[in-house]
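Keep in mind the model is a prediction, meaning the values are calculated, not measured.
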Amino acid sequence: HGTGHVRIAGQFKGDVNVDGDLTIEKGAKLIGGVKAQKITIAGELDGNVENAQRVELLDGGVLNGDLKAGAFTVAAGSRMRGSVEFGWDDKGRKGDDA
């Protein structure tokens with residue numbers, strides 16, 4: 001748990017809950033669930049992403065797990081295995097008043 005911008009540059013096992021941004025550097029691996037506002041994956045994440053505002057899966061990045069985010073960007077050369085939900089809020093589509 002923490003606040004601010006957190007960078008993972010090595011191997012880490014456990015859940016990460018950040019009130020801010022999380023970056024998983026190229027060559028790094030995180031095994032565990034993630035909660036953060038913005039998540040950038042250049043390395044490997046083996047776990048679920050919950051309710052992020054924005055997730056970027058960069059070239060060479062790997063995500064093994066489910067993802068829920070407001071926005072999701074996928075670069076060519078990245079890989080993912082899991083289910084994805086993005087652009088939705090609890091009431092349905094973003095922008096719907098009904």
Side-chain angles (χ1 to χ4, degrees):
H1 294 275
T3 59
H5 184 88
V6 175
R7 285 181 45 229
I8 295 178
Q11 304 248 343
F12 183 80
K13 186 173 184 178
D15 294 340
V16 176
N17 187 350
V18 179
D19 186 15
D21 300 344
L22 172 69
T23 299
I24 302 171
E25 299 287 342
K26 187 172 184 171
K29 183 172 183 177
L30 169 61
I31 300 171
V34 173
K35 289 183 183 179
Q37 292 175 3
K38 179 183 174 190
I39 302 166
T40 304
I41 305 169
E44 185 173 347
L45 172 59
D46 192 357
N48 298 331
V49 174
E50 296 183 32
N51 299 324
Q53 290 176 359
R54 180 174 187 81
V55 176
E56 294 182 15
L57 188 56
L58 303 181
D59 181 16
V62 178
L63 172 57
N64 289 306
D66 298 338
L67 177 137
K68 283 188 176 184
F72 183 42
T73 304
V74 180
S78 62
R79 295 178 291 154
M80 182 183 172
R81 182 176 290 144
S83 66
V84 176
E85 290 183 37
F86 68 93
W88 297 86
D89 60 18
D90 291 338
K91 297 174 188 166
R93 282 178 39 161
K94 287 194 180 264
D96 282 352
D97 293 329

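- Tracing side-chain contacts under 4.5 Å through hydrophobic residues (I, L, V, M, F, W, Y), one never reaches I31 starting from F12; they form parts of separate clusters.
- Remark: K68 engages N51, E85 in a side chain to side chain contact (heavy atoms under 4.5 Å, CB included) (not counting sequence neighbours).
- If you chain together hydrophobic residues whose side chains sit under 4.5 Å apart, M80 and I24 fall into the same group.
- Contacts of D19 classified as side chain to side chain donor-acceptor pair (under 3.5 Å), with partners at least two apart in sequence or in another chain: Q37.
- Interatomic distance, T23 OG1 to L30 CG, rounded to the nearest 0.5 Å: 12.0 Å.
- Distance CD1/I41 to OG1/T73: 11.0 Å, rounded to 0.5 Å.
- Taking D59 as the reference, nothing meets the side chain to side chain donor-acceptor pair (under 3.5 Å) condition, with sequence neighbours excluded.
- In terms of the side chain to side chain donor-acceptor pair (under 3.5 Å) criterion, T3 has no residue partners (sequence neighbours excluded).
- Using modelled atom types, one side-chain atom of D15 and one backbone atom of G33 make a donor-acceptor pair closer than 3.5 Å.
- Atom CG of L63 and atom CZ of R79 lie 11.0 Å apart (nearest 0.5 Å).
- Scanning all heavy atoms of the two residues, the minimum distance from A28 to A9 falls at CB-C, 3.6 Å.
- In the hydrophobic clustering of this structure, V62 does not group with F72; members are Ile, Leu, Val, Met, Phe, Trp, Tyr whose side-chain heavy atoms approach within less than 4.5 Å, directly or through other members.
- Residues L22 and A36 approach most closely at CB-CB, 4.1 Å, considering heavy atoms.
- Take K38 and apply the side chain to side chain contact (heavy atoms under 4.5 Å, CB included) test, not counting sequence neighbours, and it matches D21, T40, R54, E56.
- For the side chain to side chain contact (heavy atoms under 4.5 Å, CB included) criterion with L45, the lone passing option out of V34, I8, N64, L57 is V34.
- Legend: residues meeting salt bridge (Lys or Arg N to Asp or Glu O under 4.0 Å) with E44, ordered by chain and number and at least two apart, are K29.
- Scored by the salt bridge (Lys or Arg N to Asp or Glu O under 4.0 Å) test, R7 finds E25 as partners (sequence neighbours excluded).
- The side chain to side chain contact (heavy atoms under 4.5 Å, CB included) test applied to A69 returns A52, V55, L67, not counting sequence neighbours.
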